[in-house]
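Scroll down for the structure; my scribbles are underneath it.
All residue numbers in this chain count up from 1 along the given sequence. The shown structure was predicted, so the numbers you read here are calculated from the model rather than taken from an experiment.
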Amino acid sequence: MEKRGQWATNIGFILAAAGSAVGLGNIWKFPRMAYGNGGSAFILIYFLIVFLIGATVMITEFTVGRNAQKNAVGALRTIDKKWTFIGGMGILTGFIILSYYSHVGGWVLKYCVAYLTGGSKVYADPVNFFLEDILGAGGVFPIEGAIIYPFIFIAITAFVVIKGVSNGIEKLNKVLMPTLFILLILLFIRGITIEGASEGLKYLLYPDFSKVDANVILAALGQAFFSLSLGMGVMCTYGSYLNKEENLVKNTFMICGLDTAVALLAGFAMIPIAFAAGIAITEGGNAGFAFISLASAFQAMPFGTAFGALFYILLLFAAITSAISILEGTVAYVTEELNISRTIAAAGLSVIMFGIGILYTLSQAYANLKGIWLDANGVSYPVLGDFMEFMTDKLLMPLGALLFCILVGWVWGVDKAADEISSHGRYPFKLKGIYTIMVKFVAPIAIILIMLGGFGII
Ligand code: TRP
């Protein structure tokens with residue numbers, strides 16, 4: 001059995017967990033969502049959800065992990081053998097997510113290369129660069145978008161994970177996360193000062209509560225869970241590498257704060273840039289926005305190639321640090337439970353995920369690959385890529401978060417959790433009363449509502 005890794009420093013842990021949380025979700029999902037759902041009215045609701053419900057689930061995962069100092073499956077077994085399956089479910093969720101996340105990461109890498117080499121390939125035809133070159137819509141097999149770039153992306157991810165917790169993951173996050181912040185602030189300054197920015201800013205700042213209905217609140221809840229990387233035991237695994245002496249409450253708020261700050265900065269950077277270029281923000285889905293609309297916006301603005309390079313590098317850093325955390329969750333399980341070496345586990349798993357991901361990319365346009373889905377509207381056959389996202393976003397992630405809360409709130413008991421949260425009395429857990437209500441009632445009910453909403457039942 002290999003020796004278990006540990007974070008060398010508390011700030012290393014904070015940056016790594018923030019690195020997991022800050023991902024594609026913050027940069028391409030959040031801005032469009034805030035824009036379409038009432039601007040600052042949405043932002044306010046999102047804030048409340050993150051700091052009340054999101055923080056509750058996050059600290060719950062951290063606590064379970066740190067208590068046992070084991071991978072997600074082992075940590076849950078430590079609490080109650082019967083609940084070990086939640087860990088297994090989390091591993092499966094991570095497996096599916098990384099299969100597609102690594103491919104999207106590969107597309108981002110291709111954009112980085114295109115912009116760093118002058119951008120002319122994208123500019124020649126932004127729509128076809130994405131649909132044909134990357135996704136193969138024209139009928140030519142997309143070797144770069146489906147094989148070469150995703151492979152490089154997952155190889156980098158595996159390499160860092162193989163280096164280990166403090167030597168690989170922590171070190172990389174300590175460099176990439178501060179860099180990401182600097183790039184984002186540059187882009188933010190560009191966004192709010194661009195000619196015509198005031199229109200976009202007004203739109204984002206104006207609190208339009210008439211747009212806020214139950215569906216918008218459900219969307220905010222779902223986004224918060226996704227953005228904070230909750231529900232699949234990744235935060236549980238990261239928490240398991242944390243020293244018992246550190247303050248979990250403070251760390252949780254720091255991580256939630258960083259994740260939200262990135263989402264907001266991204267929103268206030270991207271929406272004005274898109275506005276100034278006269279781009280329809282709500283059309284074309286998230287991928288269409290990040291890969292086609294924004295590419296046209298960069299083309300239209302002064303020094304657009306430089307800002308484009310900056311944006312896609314930022315997106316790449318965000319995606320890599322998230323991908324690493326997902327792989328680590330799975331690798332921790334395989335090394336500790338099945339006694340396989342870290343190197344073989346990381347390399348083997350990433351090859352399989354990469355392989356499954358090929359189908360994800362091909363299903364977007366090149367090949368007719370479908371999944372099957374059942375919701376209140378009956379049976380449907382979404383493209384395989386959407387099917388994989390539905391499985392994780394609508395089913396497995398919320399279910400994982402729900403079971404984590406029920407296990408800790410009702411089976412393990414808040415007293416034991418609170419004892420671990422307070423580092424056995426070292427840091428008085430002043431929020432215990434609120435936490436109890438949140439973890440036993442509010443969070444589970446909110447999650448059940450998200451799931452019912454996702455399946456069109458309410
Ligand atoms: N939080 C990531 C993002 O915003 C995505 C994500 C969801 C994730 N679940 C995760 C990342 C679990 C790591 C682990 O893009």
Margin query: Under the criterion side chain to side chain contact (heavy atoms under 4.5 Å, CB included), I'd like the reasoning laid out for Phe404 against Leu407: C-alpha separation, chi angles, the key distance, then a yes or no.
Written below: CA-CA 5 Å; Phe404 254 100; Leu407 174 68; 5.7 Å; no
Check: Which heavy-atom pair separates Gly191 from Pro272 by the least distance, and what is that distance?
Finding: O-CB, 3.3 Å
Note to self: Using a 6.0 Å cut-off, check whether atom NZ of Lys211 has over 12 heavy atoms from anything other than its own residue.
What the structure shows: yes
Margin query: Restricting to non-hydrogen atoms, name the atom on Gly267 and the atom on Leu204 that form the minimum distance, rounded to 0.1 Å.
Written below: O-CD2, 3.5 Å
Notebook entry, point to check: Out of curiosity, Asn247 CG to Asn10 CG, how far, rounded to the nearest 0.5 Å?
Noted result: 8.5 Å
Item checked: Partner of Val50 under side chain to side chain contact (heavy atoms under 4.5 Å, CB included), chosen from Ile45, Leu228, Asp259 -> Leu228
Note to self: Side chains of Ser322 and Ser20 only: does a donor on one sit below 3.5 Å from an acceptor on the other?
What the structure shows: no
Note to self: Looking only at the aromatic ring of each residue, does the gap between the centers of Phe153 and Trp107 stay below 6.0 angstrom?
What the structure shows: no
Margin query: Can you tell me how far apart CG (Leu109) and OG (Ser102) are? Round to the nearest 0.5 Å.
Written below: 11.5 Å
Notebook entry, point to check: Are side-chain N/O atoms of Tyr100 and Thr392 paired as donor and acceptor at under 3.5 Å?
Noted result: yes
Note to self: Parallel, tilted or perpendicular: which one describes the rings of Phe188 and Phe268, with boundaries at 30° and 60°?
What the structure shows: perpendicular
Check: How would you list, by chain and number, every residue that makes a side-chain contact (heavy atoms from CB on, under 4.5 Å) with Leu449, sequence neighbours excluded?
Finding: Leu218, Ile445, Ile458
Margin query: Checking side-chain polar atoms at under 3.5 Å, does Asn71 have a donor or acceptor matched by the opposite partner on Glu337?
Written below: yes
Notebook entry, point to check: Can you list the residues that meet the side-chain contact (heavy atoms from CB on, under 4.5 Å) rule with Val379, with sequence neighbours excluded?
Noted result: Ile372, Leu374, Tyr381
Next item on the list: Please work out which of the three classes, parallel, tilted or perpendicular, describes the rings of Phe291 and Trp28, given edges at 30° and 60°.
Entry: perpendicular
Check: What is the distance from atom CE of Met353 to atom NE2 of His103, rounded to the nearest 0.5 Å?
Finding: 11.5 Å
Check: Is the number of heavy atoms from other residues, nucleotides or ligands within 6.0 Å of CZ (Phe151) greater than 12?
Finding: no
Check: How about Val165 and Trp7: do any of their side-chain heavy atoms sit closer than 4.5 Å?
Finding: yes
Next item on the list: Give the minimum heavy-atom separation between Val122 and Ala295, together with the two atoms involved.
Entry: CG1-CB, 3.9 Å
Next item on the list: Could you list all the salt bridge (charged side-chain N to carboxylate O under 4.0 Å, His left out) pairs where at least one residue sits in residues 55-66, not counting sequence neighbours?
Entry: Arg66-Glu420
Next item on the list: Give a yes or no on whether the backbone of Gly385 and the side-chain of Ser363 come within a donor-acceptor separation of less than 3.5 Å.
Entry: yes
Check: How about Ile340 and Thr335: do any of their side-chain heavy atoms sit closer than 4.5 Å?
Finding: no
Note to self: Please report the interatomic distance CD1(Ile313) to CG(Leu187), rounded to the nearest 0.5 Å.
What the structure shows: 11.5 Å
Margin query: Taking atom NZ as the centre, does Lys250 end up with more than 12 heavy-atom neighbours from other residues, nucleotides or ligands that are less than 6.0 angstrom away?
Written below: no
Checklist line | Salt-bridge contact Glu328-Arg342 (side-chain N to carboxylate O under 4.0 Å) | finding: yes
Check: Could you go step by step and tell me if Ile27 and Phe311 meet the side chain to side chain contact (heavy atoms under 4.5 Å, CB included) rule?
Finding: CA-CA 10 Å; Ile27 298 170; Phe311 172 75; 3.7 Å; yes
Note to self: Nearest 0.5 angstrom please: Leu135 CG to Glu144 CD, how far?
What the structure shows: 12.5 Å
Margin query: How close do Ala446 and Ile53 get, counting heavy atoms only, and between which atoms?
Written below: CB-CD1, 3.8 Å
Notebook entry, point to check: What pairs of residues pass the salt bridge (charged side-chain N to carboxylate O under 4.0 Å, His left out) test when at least one of them lies in residues 374-389, not counting sequence neighbours?
Noted result: none
Next item on the list: Report the distance from atom OG1 of Thr330 to atom CG of Leu92, rounding to the nearest 0.5 Å.
Entry: 9.5 Å
Next item on the list: Please name all residues satisfying side-chain contact (heavy atoms from CB on, under 4.5 Å) with Phe181, sequence neighbours left out, ordered by chain then number.
Entry: Leu258, Val262
Next item on the list: Can you see which heavy atom on Gly200 is nearest to which on Ile271, and at what distance?
Entry: O-CG2, 4.0 Å
Next item on the list: Determine, for Phe226 and Lys29, whether the Lys NZ or Arg CZ falls below 6.0 Å from the six-membered ring centre while staying within 45 degrees of the axis.
Entry: yes
Next item on the list: In sequence, state the C-alpha distance, the side-chain angles, and the governing distance for Met397 and Leu230, and then conclude on side chain to side chain contact (heavy atoms under 4.5 Å, CB included).
Entry: CA-CA 7 Å; Met397 272 204 280; Leu230 301 174; over 6 Å; no
Notebook entry, point to check: Is Phe275 atom CZ crowded by more than 12 heavy atoms from other residues, nucleotides or ligands, each under 6.0 Å away?
Noted result: yes
Next item on the list: Could you verify whether a donor N or O on one side chain and an acceptor N or O on the other, from Asp133 and Asn128, lie under 3.5 Å apart?
Entry: no
Margin query: Please give me the minimum heavy-atom distance between Leu15 and Met177, naming the atom from each residue.
Written below: O-CG, 3.6 Å
Notebook entry, point to check: Given the rule in the side chain to side chain contact (heavy atoms under 4.5 Å, CB included) test, do Phe317 and Val22 qualify, once you have shown the distances and angles that lead to the verdict?
Noted result: CA-CA 9 Å; Phe317 287 1; Val22 170; over 6 Å; no
Check: Are more than 12 heavy atoms from other residues, nucleotides or ligands located less than 6.0 Å from atom CZ of Phe47?
Finding: no
Margin query: Under the ring pair (Phe, Tyr, Trp, His ring centres under 6.0 Å) definition, can you give me all pairs with a residue in residues 433-456, not counting sequence neighbours?
Written below: Trp373-Phe455, Trp410-Phe441, Phe429-Tyr435
